[in-house]
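Here is the structure we will look at.
Chain letters run A, B, ... following the sequence lines, proteins first and then strands; every chain starts at 1.
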Amino acid sequence: MSPLTLCLLVPALPALAALLIGLVPALRRRGDLAAGVSITAAALSLGAALWLLLDPAPPLQAVARWLPFAGSTLAELGVRLDGTNAPMLVVVGLVALCVQIYSVGYLSDEPPASRGRYFTWQSLFLLAMQGFVLSPNLLQLFVFYELIGLCSYLLIGFWHERPSAGRAAVKAFWVTKFGDVGFLIGIIVAWSWFGTFDLRELDAAVRTGPLPDLAWIVPALIFCGVASKSAQVPLHVWLPDAMEGPTPVSALLHAATMVAAGVFLLVRTTFLFEMSPAVQTVVMYVGAGTALFAALQGLAQNDIKRVLAYSTCSQLGLMVAALGAGAVLSGYFHLLTHAFFKALLFLAAGSAIHAIHTNDLRAMGGLARAMRWTALLFGLGALALAGIPPLSGFFSKELVLAALVDHPVALALALATTLLTPYYMGRAFLLAFVGTPRSEAARHAHESGWSLLGPMLALAIPAAAAGFLLPDFARSLGVEGGFHFDALGAVAVGLALVGLGAAWFLHGPRRAGRADALPAGFLALVRSSAIDDFYEILWRRVLLVFSRMVGWFDRYVVDGMINVVGAATLALGGGLRRVQTGLARDYVLALFLGLVALAAWGVWGT
Amino acid sequence: MSGLEVLGLSLLAGVILLGALGTVISKDLVRAVLWLALTLVATAGIYLKLLAGFLAGTQVLLYAGGVITLAIFAVMLSQRVEGAGVRQESRGLVVGALAAIAVGGVLVAGILAAPLAAAAAVPPPSVTDLAASFMGEFLLPFEVLSVLLVAVMVAAITIARRTDP
Amino acid sequence: MSDVQACLLLAAAMFSIGVYGVLTRRNAIGILLAVELMANAVNINLVAFGRLHGGPTGQIFALFAIALTVAEVALGLALVLLLARTQRTADVDEARLLRG
């Protein structure tokens, strides 16, 4: 099978599954059948992606004309495969497959029609994500970006009977849309300057030609889109609320793929960012700042999924910081390892949640006794996240820190994050799995079935071992980068151990599982809703007011003009109507007046 | 025109105009009909002045005899239907007057502006001439007229008959 | 002024009086009487012009006009009777169904 065919199969198979499940009611109502179709498509898609990765062909790009314009082509649709996105295809496909298999068990209590709906959206999302990864030009990237956002909305709001879920879905949608506006404007500006959307052509144009003076506008605008989807401060507010969705959704979208799309976009458009070192610096500091800010937030959460959400936000910040510093290998590799261990963490957390029907850490405790595998896998993920060797996170985190070596402030922020991350993960682990159970449900918990554990194990393997694929990965990217263990690495490991130790000390068995161990004032500050309140004010006082004004204008001016015409016609008609009095005498009068006029014309007219 | 002619014409004209005004102004319908009768008879006099003897006779016969009688009957019958006396308040007097003056003005202006020669020197047509014209040049309209009269008669009967049991 | 012209002017005056009557009268029969005036004014016109040009044409037309007018009055009065019977009064201002 040719590489092009395989390339097209990767998104086409889930697209077909989504269409089938979505449009055939008989299929959709049988939840397990829908799951089967979706999982089969995902597995085959992953197979194709693996084949492409393991049997590498020269980079290919195949496009078809999509939008004509002034005789030539404005936009094209197609696929592009090269060393950069081939690994991403596999990672996305693997995580998606694991999540879908996991979902079968996790959502077994749902009515079949709901499950059919769920798998429609899951297949649609897989199509969107793979299409995004394979996009050869900016416009197609944007289209799939939006499609990803749509699927996020659909999946976060999956339990749509819950008002909080609906609100969270809408919030996610709006915040990401807000950033995407900037992205779109950036695309258009780039097109207006360079005349093309295609990534290869843009790369060539940027390398050769003279750059416009305001060239920094394009990467700055594209970063808007990145910041919203990858939850950078201040557009991060949607990510914690997105935890309203089912845990497999959180694992797939909000740990491994959707939020990673922003980072991947950054990887794909690095050449545009290289046009402006100033923008790159901003990107780096936003990333580093987000990393620390989110880590601080993660300390204070009592909902296990929110801990993981803020952790994701923080790690995304590190990726963005590395890419801002120009180190594509570092940021990208951390993206891929993070996908594995964060998805694993979410799935393990989901396993615990499924067993005791609550997210609250304060109601958990001692689950390791009953749920050995879950505890083990969660712990593995946590250690990978903390950066303990020889797990994958160790290698990728070390690369990120190495990238920031020349930027002391950013490095400091990243190191602080490196200290806090193991602390809050340790806290979460200890509160959930160690100690004495703090609720009835925790006491009666039992291990989840293999439909949940299987995918977790499947993800645990790359989470542990992916670090050793670094040389192959670097070669695929075409960069040289190796891993060197130096003083910085030692410091990082040391900080990780300190963090873990602090967690043990503050939340361990001797403390009988107290959830809040840090100063109360600090916790209150971290938990304050100031940012959300700010957005609320922005929404209500500014945006809605403006909308109302526009609405007024539309109703009374634009519609008013039409209404005036209508009213004038009616008034004119009403006035003319009076001519028809119904009295014969008036008609005769008119007759005589006409007669006079004619006669006058006859007598005096020319 | 000789003085006598002028006097005669003025007298006739005065009667006609007086009668016309009476017709349109009189509140009592019967009186209005009678004023009309006066006007029509005076009109016959004008015809005589214009040397149209046959026409004058026909005018008196048909109008003063037929139409006036018809009108009187109609007034009586409609009075019976109405029950009350014939009311005759008029409305829109000013507008009507203005329109009438306008019409009259235009006509008068047209008449005065037209170059009218004196009366022709030929003798006026005799009854024989009229008859010859009816049977010759105007035969078709004559016949059609008779058909029309039949039609009108039938129509008048049909319209005015009582339909309630 | 010649007598033809005088007759024409007289006819014009009679005609305008008839117009006044048509526009002013409320009773249907009153309107018909005014129409009679107008018709007769026209007849005077016809005869006067016939006198002007010679030949029988003017008087022929006047005779036709008389016949037609008489027929019209007869029919008109029949209609007035029908109207009076239908709406209980001969007032033309009551007939306003075609009011817009």
Side-chain angles (χ1 to χ4, degrees), chain B residues 1 5 9 13 16-17 20-21 23-24 29 32-33 36 40 43 46-47 49-52 55 58 62 66-67 70-71 74-75 77-78 81-82 86 88-93 96-97 99-100 103-104 107-108 111 116 118-120 122 125 129-130 133 138 141 145 148-149 152 155-156 159-160, chain C residues 2-10 12-21 23-27 29-30 32-34 36-37 40 43-44 47-48 50-57 59-60 62-64 66-68 70-71 73-75 77-82 84-85 88-91 93:
Chain B
M1 288 190 288
E5 282 183 28
L9 203 52
I16 286 182
L17 291 174
L21 280 170
T23 311
V24 299
L29 254 192
V33 175
L36 182 65
L40 295 178
T43 311
I46 295 284
Y47 290 157
K49 175 71 184 69
L50 290 171
L51 306 179
L55 208 55
T58 315
L62 285 184
V67 172
L70 211 55
V75 169
L77 286 172
S78 69
V81 170
E82 250 178 45
V86 180
Q88 210 30 258
E89 309 99 52
S90 309
R91 287 212 292 208
L93 297 179
V103 171
L107 287 173
V108 165
I111 292 169
L116 291 169
V122 300
D129 292 330
L130 287 176
S133 278
F138 294 104
L145 181 64
L148 181 78
L149 289 174
V152 168
I159 288 174
Chain C
S2 67
D3 54 353
V4 168
Q5 208 170 27
C7 288
L8 290 178
L9 289 171
L10 171 65
M14 196 169 155
F15 189 84
S16 12
I17 294 175
V19 167
Y20 175 76
L23 291 175
T24 319
R25 282 298 212 180
R26 237 169 99 168
N27 191 295
I29 301 185
L32 276 173
L33 296 181
E36 271 309 296
L37 276 179
N40 273 275
N43 275 350
I44 297 179
V47 175
R51 178 83 178 94
L52 184 64
H53 296 303
T57 315
Q59 294 190 23
I60 298 284
L63 280 168
F64 275 125
I66 291 178
L68 287 168
V70 170
V73 166
L75 209 48
L77 288 172
L79 281 170
V80 167
L81 278 181
L82 187 60
R85 234 181 269 146
R88 298 267 131 235
T89 171
D91 187 340
D93 284 349

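Summarising the geometry of C/Pro56 relative to B/Ser133, their closest heavy-atom pair is CG-OG, 3.1 Å, with the distance given to 0.1 Å. Closest non-hydrogen pair, C/Ala78 versus B/Ala160, comes out as CB-CB, 3.9 Å. Closest non-hydrogen pair, C/Ala6 versus B/Leu9, comes out as CB-CD2, 3.7 Å. Pairing each heavy atom of B/Ala156 with each of C/Leu75, the nearest pair is N-CD1, 3.5 Å. Across B/Val108 and C/Ala12, no two heavy atoms sit closer than the pair CG2-CB, 4.2 Å. Summarising the geometry of C/Leu81 relative to B/Ala74, their closest heavy-atom pair is CD2-O, 4.3 Å, with the distance given to 0.1 Å.
Note that CG of B/Leu50 and SG of C/Cys7 are 4.0 Å apart. Values are rounded to the nearest 0.5 Å. Here the straight-line distance linking atom NZ of B/Lys49 with atom CG of C/Asp3 works out to 4.0 Å at 0.5 Å rounding. To the nearest 0.5 Å, atom OG1 of residue C/Thr57 and atom CZ of residue B/Phe138 are 5.0 Å apart. Distance check: C/Leu10 CG to B/Ile46 CD1 gives 5.0 Å after rounding to the nearest 0.5 Å.
Taking the side chain to side chain contact (heavy atoms under 4.5 Å, CB included) definition, one finds that B/Leu21 meets it with B/Ile25, C/Ile17, sequence neighbours left out.
Only the side chain of B/Leu149 comes within contact range of chain C, judged by heavy atoms closer than 4.5 Å. Only the side chain of B/Leu148 comes within less than 4.5 Å of a heavy atom of chain C; its backbone N, CA, C and O stay farther away. Contacts between B/Leu36 and chain C at a heavy-atom distance below 4.5 Å involve the side chain alone, from C-beta outward. With a 4.5 Å cut-off on non-hydrogen atoms, B/Thr23 touches chain C through its backbone and its side chain both. Heavy-atom distances place both the backbone and the side chain of B/Ile111 under 4.5 Å from chain C. Looking at B/Leu17, both its backbone and its side chain come within 4.5 Å of chain C, counting heavy atoms on both sides.
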* Could you go step by step and tell me if C/Ile66 and B/Leu55 meet the side-chain contact (heavy atoms from CB on, under 4.5 Å) rule? -> CA-CA 9 Å; C/Ile66 291 178; B/Leu55 208 55; 4.1 Å; yes

For C/Tyr20 and B/Val103, run side-chain contact (heavy atoms from CB on, under 4.5 Å): C-alpha distance rounded to whole Å, both residues' side-chain angles, the deciding distance at 0.1 Å, then the answer. CA-CA 10 Å; C/Tyr20 175 76; B/Val103 171; over 6 Å; no

* Applying side-chain contact (heavy atoms from CB on, under 4.5 Å), run through B/Asp129 and C/Gln59 and close with a yes or a no. => CA-CA 10 Å; B/Asp129 292 330; C/Gln59 294 190 23; over 6 Å; no

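The closest donor-acceptor contact from the side chain of C/Arg51 to the backbone of B/Ala52 lies at 3.5 Å or more, if one exists at all.
When C/Leu79, C/Val73, C/Val80 are compared by the number of non-hydrogen pairs under 4.5 Å with chain B, C/Leu79 comes out ahead. For chain B, the option among C/Asn43, C/Ile60, C/Val47, C/Leu68 with the highest count of heavy-atom pairs below 4.5 Å is C/Ile60. Comparing B/Ile159, B/Leu145, B/Val67 by heavy-atom pairs within less than 4.5 Å of chain C, the highest count is held by B/Ile159. Between chain B and the options C/Leu82, C/Leu8, C/Leu63, C/Val19, heavy-atom pairs under 4.5 Å are most frequent for C/Leu63.
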